[in-house]
Amino acid sequence: MLKLKELARRVYGGEDKALKLLITAAVLCWLPRVFTPLWRDEGITWWIIKDGWGDALARALAFQEWSTLYFLLIKAVTFTVKSETLLRLPSLAACAVCARAVYLISLRLKDARAGLISALVFCASGAALMYSNEARPYGLALALNALGVLYLIKTVDRGRPADAVLYALFTAAGAYMHLTTVLMLPAHALYWAWRRFIERDAAPLSGAALAGAAALMLPLAVPALSAFSRRDALMFVGQPPLWKLLAYALPPDLIAGAAGGLAFFRPVLLDKEGLARVPRSSFALALGLALLPLLFIFTVSHLFGVKIWVPRYFVCYELGVALAAGLLLSHVRSAAALKAAAIALTFVSLAVRGRVYHINEDWAGAVAYAAAEPAARGATVLLTSPYVESLHKGWLGDASKTGYLSAPLSFYPYGARTVLLPLPHGAYGEAGMADALAGLSGAQAVVLFSFGDDNYNECLARSLLLLGLKPLSRHDGRRFPRAAIYVRAVVRRDYKDKASGIFYQKPHSVK
């Protein structure tokens with residue numbers, strides 16, 4: 001007990017206790033979702049690693065080659081134990097490391113108060129709340145990018161070979177966790193160039209470190225070209241409007257929370273002299289990390305029609321947002337105003353993004369519902385594949401791809417023949433539905449797991465009725481996938497008309 005008290009005194013003692021407590025509160029909000037069921041993309045993680053090492057490597061390279069290192073790492077650290085929590089623990093640990101790295105980066109750029117504010121903004125961010133409890137590569141990519149930035153600063157400051165090597169390794173490893181984190185490299189180059197050519201204090205070895213990181217990333221050209229060659233099969237997002245770019249560059253929850261807290265202390269005075277003493281290269285680094293990936297993806301989406309405007313692909317920009325917030329808010333003169341701003345931004349972020357479940361999906365509940373219904377035992381599974389690849393002709397009927405297209409059922413198996421439907425998007429959706437339903441001939445009972453809206457599900461119900469399958473029951477859950485059980489109507493002689501002596505056939509459902 002004395003050791004715990006001493007540890008608490010060391011952690012929460014001294015100045016800025018409120019900031020430390022807020023960081024703790026934000027981190028505690030990461031935990032509940034670690035224990036919830038996997039969602040569709042996490043099902044892919046399990047499907048890729050669940051068998052042997054050769055299978056894991058082949059599946060990763062065939063379906064998600066941009067994150068091969070992540071899948072091999074997860075297979076190594078989880079020993080392929082079937083556990084939602086174990087699959088997510090690497091991401092939880094990675095985001096904790098990332099928060100510490102953000103603090104240390106801001107500490108080097110300014111001081112401990114800036115470090116605490118930056119760490120708080122990160123811990124309460126959508127990135128941390130989402131990817132600290134997800135069995136996907138983004139938490140690890142965040143941590144490796146943050147460590148790369150930390151050792152970039154150390155290399156530029158001191159020029160030590162060990163720092164340069166660590167910078168190159170961490171930065172390259174982040175890119176191998178997820179290909180799109182290569183987009184952070186221009187921000188690193190901007191910081192180095194500012195220190196080298198404007199402030200003229202960059203250590204000689206720092207340029208070589210940057211070149212080394214870029215050289216280590218060269219093999220990523222192979223998965224990049226592979227992904228680009230099948231880009232139409234990977235995403236259906238449209239071009240982002242300008243307001244989305246502004247919403248990410250200036251996060252509304254952060255701005256509203258901080259401004260709302262500061263509004264209680266008017267006028268809010270900034271330490272302008274202290275702000276002027278911060279090297280402009282520090283702001284160049286923070287703003288480069290926050291803006292350059294967003295601007296690149298936004299521009300590419302509009303000029304070349306490449307459908308990559310998906311927040312998780314540029315999630316590492318949140319590191320820059322956190323650093324910029326720390327550099328700015330740490331210059332608020334009034335400690336009370338700073339505390340109010342910190343409390344308000346944390347509350348707003350958690351109110352907007354905090355929830356008990358990870359994603360509005362409950363595969364475990366849907367499968368458990370079907371398994372508990374006697375009429376559904378041995379039934380054929382009709383699954384709306386939750387992946388965009390299902391919209392492309394040939395995928396649904398390709399035996400080598402059906403495991404991927406039904407990946408969540410590898411973790412929550414129903415143990416029956418599965419017929420796949422395409423996602424209800426695009427022109428192929430209706431035609432694909434007709435082709436898939438043709439495979440239900442002879443099925444006595446069907447368990448439907450659907451990702452469609454009410455109109456889609458009604459269309460499915462009508463189609464199944466034409467096949468002689470009538471609804472038996474539906475799952476009352478409000479989360480996806482929607483589940484329902486259909487059984488075939490059969491005929492039998494139920495009664496005899498006494499007057500005519502004729503047997504009448506009455507349809508009924510198989511029980």
Side-chain angles (χ1 to χ4, degrees), residues 69 94-112 114-116 118-119 122 139-220 277-293 296 314-324 326-327 330:
L69 177 62
C95 281
V97 170
C98 188
R100 177 65 177 171
V102 166
Y103 168 80
L104 293 174
I105 293 168
S106 204
L107 177 65
R108 295 190 71 90
L109 295 179
K110 186 179 179 293
D111 56 24
L116 288 172
S118 294
F122 170 75
L140 286 156
L142 275 164
L144 290 166
N145 270 268
L147 290 170
V149 172
L150 176 62
Y151 280 94
L152 170 66
I153 297 171
K154 290 183 177 182
T155 303
V156 173
D157 284 344
R158 303 183 300 192
R160 292 174 52 186
D163 292 335
V165 170
L166 288 173
Y167 161 71
L169 290 175
F170 283 133
T171 303
Y176 281 91
M177 281 294 161
H178 198 281
L179 177 62
T180 54
T181 56
V182 171
L183 298 175
M184 308 307 289
L185 197 60
H188 299 181
L190 173 65
Y191 176 72
W192 170 81
W194 200 293
R195 293 283 301 269
R196 174 69 176 84
F197 299 108
I198 298 178
E199 296 176 355
R200 297 183 180 277
D201 62 351
L205 187 61
S206 53
L210 202 67
L216 289 174
M217 295 179 188
L218 288 177
L220 287 170
R277 288 194 297 270
V278 178
R280 292 298 174 262
S281 58
S282 297
F283 288 104
L285 175 62
L287 295 177
L289 293 170
L291 297 178
L292 291 183
F296 177 83
F314 48 83
V315 67
C316 290
Y317 88 99
E318 296 259 21
L319 301 176
V321 171
L323 295 175
L327 289 174
S330 63

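Residue numbers start at 1 and run along the sequence shown.
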Minimum heavy-atom separation for Ala119 to Ala99, with atom names? CB-O, 3.9 Å
So among Val315, Asn145, Thr171, which one has a side chain to side chain contact (heavy atoms under 4.5 Å, CB included) with Thr181? Asn145
Compare every heavy atom of Leu289 with every heavy atom of Met184, then report the nearest pair and how far apart it is. CE-CD2, 3.5 Å
Roughly how far apart are Leu285 CG and Leu152 CG, rounded to 0.5 Å? 7.0 Å
Any side-chain heavy-atom pair of Leu292 and Leu183 under 4.5 Å: no
Tell me whether Ser106 contacts the main-chain N or O of Leu323 through its side chain, where contact means a donor paired with an acceptor under 3.5 Å. no
Are any of the side-chain heavy atoms of Asp157 and Arg195 separated by less than 4.5 Å? yes
Over all heavy atoms of both residues, which pair between Leu216 and Ala172 is shortest? Give the atoms and the distance, please. CB-CB, 3.7 Å
Gap separating the CG atom of Leu142 from the OH atom of Tyr317, nearest 0.5 angstrom: 11.0 Å
With heavy-atom distances below 4.5 Å as the criterion, would you say the side chains of Leu220 and Tyr176 are in contact? yes
Kindly say whether Val278 contributes a backbone atom to a donor-acceptor pair with the side chain of Arg280 at under 3.5 angstrom? yes
4.5 Å side-chain heavy-atom contact, Val102 and Val149: no
How about Ser118 and Ile105: do any of their side-chain heavy atoms sit closer than 4.5 Å? no
Any non-hydrogen side-chain atom of Tyr103 less than 4.5 Å from a side-chain atom of Leu116? yes
Aromatic ring pairing Tyr151/Phe170, orientation class (parallel under 30°, perpendicular over 60°, tilted between): tilted
If you look at every heavy atom in Asp111 and Ala114, which pair is closest and at what distance? OD1-N, 2.9 Å
Rounded to the nearest 0.5 Å, how far apart are CG of Leu319 and CG of Leu150? 11.5 Å
Restricting to non-hydrogen atoms, name the atom on Ala164 and the atom on Thr155 that form the minimum distance, rounded to 0.1 Å. N-OG1, 3.3 Å
Which atom pair, heavy atoms only, marks the closest approach of Cys316 to Ala141? SG-O, 4.0 Å
Would one find more than 12 heavy atoms of other residues, nucleotides or ligands at under 6.0 Å from atom CZ of Arg196? no
In Å, rounded to the nearest 0.5 Å, how long is the span from CG of Leu147 to CG of Leu169? 11.5 Å
Using side-chain heavy atoms (C-beta onward) and a distance below 4.5 Å, is Leu166 in contact with Lys154? no
Assess whether atom CZ of Phe283 is packed by more than 12 heavy atoms of other residues, nucleotides or ligands within 6.0 Å. yes
Side chain Glu199, main chain Ser281, donor-acceptor under 3.5 Å: yes
Going by heavy atoms in the side chains, are Pro279 and Trp194 under 4.5 Å from each other? no
